Every structure is written in structure tokens, then in C-alpha cells.
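First up is the structure itself, then whatever we jot down about it.
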Amino acid sequence: MKGDDNKSLSYSEGYNEQKDYRVDPADFSTLQTGGPRGQCKVGFIFWQSGRILNNGNVFVRSTIEQECRRVCGAKIVRHCPKVPTIGKGEYIGEYRILLPDDYFCFIAFLLSLAFPLTGFFLVFTNRDILIGYFNDVFYCCVSTLCFYMWSVVLDIFSACLNRLPAILKALFSGRPRREQKYLKAVVWQDAVLGYYAICVGMTLWFQYHLFDFKQLGIVLAWWTGLCMFFRFLRSSGKQPIKP
């Protein structure tokens with residue numbers, strides 16, 4: 001067309017046909033993959049050739065719920081927690097007051113306690129067996145070996161006491177405990193050998209006052225203090241590893 005300025009204007013138009021996807025290929029990369037991050041759901045796209053589904057289309061997009069494993073935080077199956085917000089100190093994990101190490105510590109304490117009790121049984125029932133005799137103070141029986149296990153009993157007992165504040169804190173605060181790993185202290189590892197070497201003398205002292213319950217209590221008090229001191233040396237060099 002010609003305008004008033006005597007310039008010619010022209011245009012052309014056209015079209016071509018293109019077939020589009022019913023489901024965009026990128027949609028397959030956004031399907032939920034299950035686990036705690038996917039809310040324990042697995043996404044899928046169902047399609048069947050020559051069939052119109054109830055939604056009026058030939059495909060449907062949905063999810064399948066997993067039987068969520070306990071490691072993702074579920075107390076029961078088919079129930080997973082929401083993904084925690086980053087930076088708020090929350091984490092995915094089971095709500096546990098007692099950790100596996102706590103159970104192991106308590107069970108080990110009860111099992112080791114059976115040895116000193118066996119020593120009492122052998123002495124007070126006159127079933128003890130003499131192994132070696134030097135004098136009235138230095139002698140060794142089967143019960144002596146059993147009484148030496150007080151060193152292990154008190155050591156494990158102090159480890160259980162060390163866990164008690166964290167257990168009580170988790171119990172009253174309602175927040176789950178998480179396993180904490182430590183870098184072992186190399187400097188104070190000799191304290192282990194020193195403690196169990198001194199416990200030989202503590203065993204003889206314990207055995208000598210076996211029938212004097214007042215003195216026996218004093219011996220156990222000193223033995224417990226010794227155990228606490230050496231446990232402090234062994235744990236003072238540990239450094240927690242940040243998760």
C-alpha cells in the first residue's frame with residue numbers, strides 16, 4: 001500500500017504445523033525419587049495406548065508412597081517427617097532418647113558386674129580356689145580375679161554416668177539425640193594402662209578388707225575416685241567431630 005509519504009509497505013504471513021509433546025520430557029526429571037527428601041513418595045507417569053483415562057487425557061501423573069525405612073525418621077511405616085529447613089539446626093533422624101552405644105554401655109555394665117558378684121559368692125560359700133599364696137596380704141584366688149573386674153565395672157559405670165546428662169536433656173527437651181563422634185586423644189592413651197596397673201593394688205586392698213564393710217566402702221570410694229580421674233585424663237584430649 002502507498003501512503004501519503006509515497007513509501008510502499010508490504011508484509012507476508014504464513015504458518016506451519018508442529019506436533020507438541022503430551023508430556024514434556026523435562027517432566028520426567030522432576031518426578032519424586034522417594035526417601036526422606038522426596039517425602040517417601042515415588043513419582044510416576046502412567047500411559048496406555050488407545051485409552052482415555054478418567055481425567056479426560058491419555059496419561060496421568062501421580063505418586064506411590066513408600067514403606068518408609070526408619071532411617072528417614074519415621075516412627076511407623078508410611079510416615080516420614082518434612083524435610084528440615086537448612087540452617088536451623090534440625091536434622092533428619094529417628095527420635096531416639098537412647099542411642100545404640102547407650103544400650104551397649106548399660107549391657108556391658110551389667111555383664112561385667114556379674115564377675116565381682118561371683119567373687120563374693122565364692123568367698124561367702126567357701127568355694128573359692130587358691131591359685132597362689134605369698135602371705136596374708138598378697139595371695140591370689142579365683143575370687144581375686146573376679147574382684148579385679150571392679151576396675152572394668154567402675155570404668156563402664158563412669159562412662160554410663162557421662163552419658164546421663166545428655167539423656168536427661170533429650171528426655172526433658174523433647175529433641176532427639178544424635179550420635180557424636182570424637183577424635184581420640186593420643187597423648188593420654190597411656191592413662192588406660194596406668195589405671196589398670198594400679199587396679200592390681202586396689203584389688204588386693206579390697207580383698208584384705210572384704211569382711212569389714214566399713215573399710216570396704218572406703219576402698220570402693222577411693223577406687224571410684226581413681227577411675228574418675230583416669231577417665232578424665234583419657235577424655236580430656238578428645239575433640240568432637242562436627243557432623
Side-chain angles (χ1 to χ4, degrees), residues 1-108 110 159-160 162-184 238-243:
M1 296 184 299
K2 290 184 178 182
D4 296 337
D5 54 358
N6 295 325
K7 291 183 178 179
S8 62
L9 301 174
S10 63
Y11 72 95
S12 62
E13 64 179 18
Y15 71 93
N16 57 354
E17 293 184 355
Q18 289 183 345
K19 290 186 178 181
D20 199 4
Y21 294 106
R22 292 280 187 172
V23 181
D24 194 287
D27 290 348
F28 290 92
S29 64
T30 61
L31 295 175
Q32 291 172 275
T33 56
R37 293 186 179 275
Q39 297 294 295
C40 294
K41 294 181 180 180
V42 179
F44 71 92
I45 296 177
F46 175 80
W47 168 84
Q48 187 174 6
S49 177
R51 179 180 178 183
I52 303 298
L53 303 176
N54 291 338
N55 61 354
N57 213 329
V58 295
F59 72 94
V60 63
R61 177 171 177 164
S62 185
T63 58
I64 298 174
E65 288 197 27
Q66 292 177 310
E67 289 192 357
C68 189
R69 297 181 299 171
R70 295 186 67 86
V71 293
C72 70
K75 292 184 179 180
I76 58 176
V77 295
R78 295 184 177 273
H79 176 72
C80 281
K82 294 182 179 180
V83 178
T85 304
I86 298 177
K88 290 188 176 181
E90 299 177 359
Y91 60 95
I92 296 177
E94 286 186 298
Y95 182 84
R96 295 180 297 181
I97 300 297
L98 296 176
L99 299 176
D101 289 343
D102 300 328
Y103 289 106
F104 175 78
C105 190
F106 297 151
I107 293 174
L110 294 177
C160 294
N162 192 32
R163 298 171 181 270
L164 188 60
I167 295 175
L168 294 178
K169 180 180 179 181
L171 183 63
F172 289 107
S173 65
R175 292 181 60 85
R177 292 175 60 210
R178 65 191 314 172
E179 296 184 15
Q180 182 69 60
K181 294 183 178 180
Y182 296 90
L183 291 174
K184 292 184 178 180
K238 290 183 179 180
Q239 296 180 356
I241 302 175
K242 293 183 179 181

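Given the structure is predicted, the values throughout are model-derived calculations rather than measurements. What's counted below: heavy atoms across the whole structure, side chains too, no hydrogens, waters or symmetry copies.
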Task: Non-neighbouring partners of Arg61 that pass salt bridge (charged side-chain N to carboxylate O under 4.0 Å, His left out), sequence neighbours left out - done: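 For Arg61 there are no salt bridge (charged side-chain N to carboxylate O under 4.0 Å, His left out) partners, ignoring immediate neighbours.
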Task: Nearest atoms (heavy-atom pairs only) where Gln32 meets Lys41 - done: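 Heavy-atom minimum between the residues: CB-O, 3.4 Å.
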Does [X] have any side-chain contact (heavy atoms from CB on, under 4.5 Å) partners at least two apart in sequence or in another chain, and if so, which?
X      : value
Phe46  : Phe44, Gln48, Arg51, Leu53, Val60
Phe28  : Val23, Leu31, Ile45
Asn162 : none

Open item on the list: Could you measure the distance from the CZ atom of Phe59 to the CD1 atom of Ile52? Nearest 0.5 Å is fine.
Closed with: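 Phe59 CZ to Ile52 CD1: 11.0 Å, rounded to 0.5 Å.
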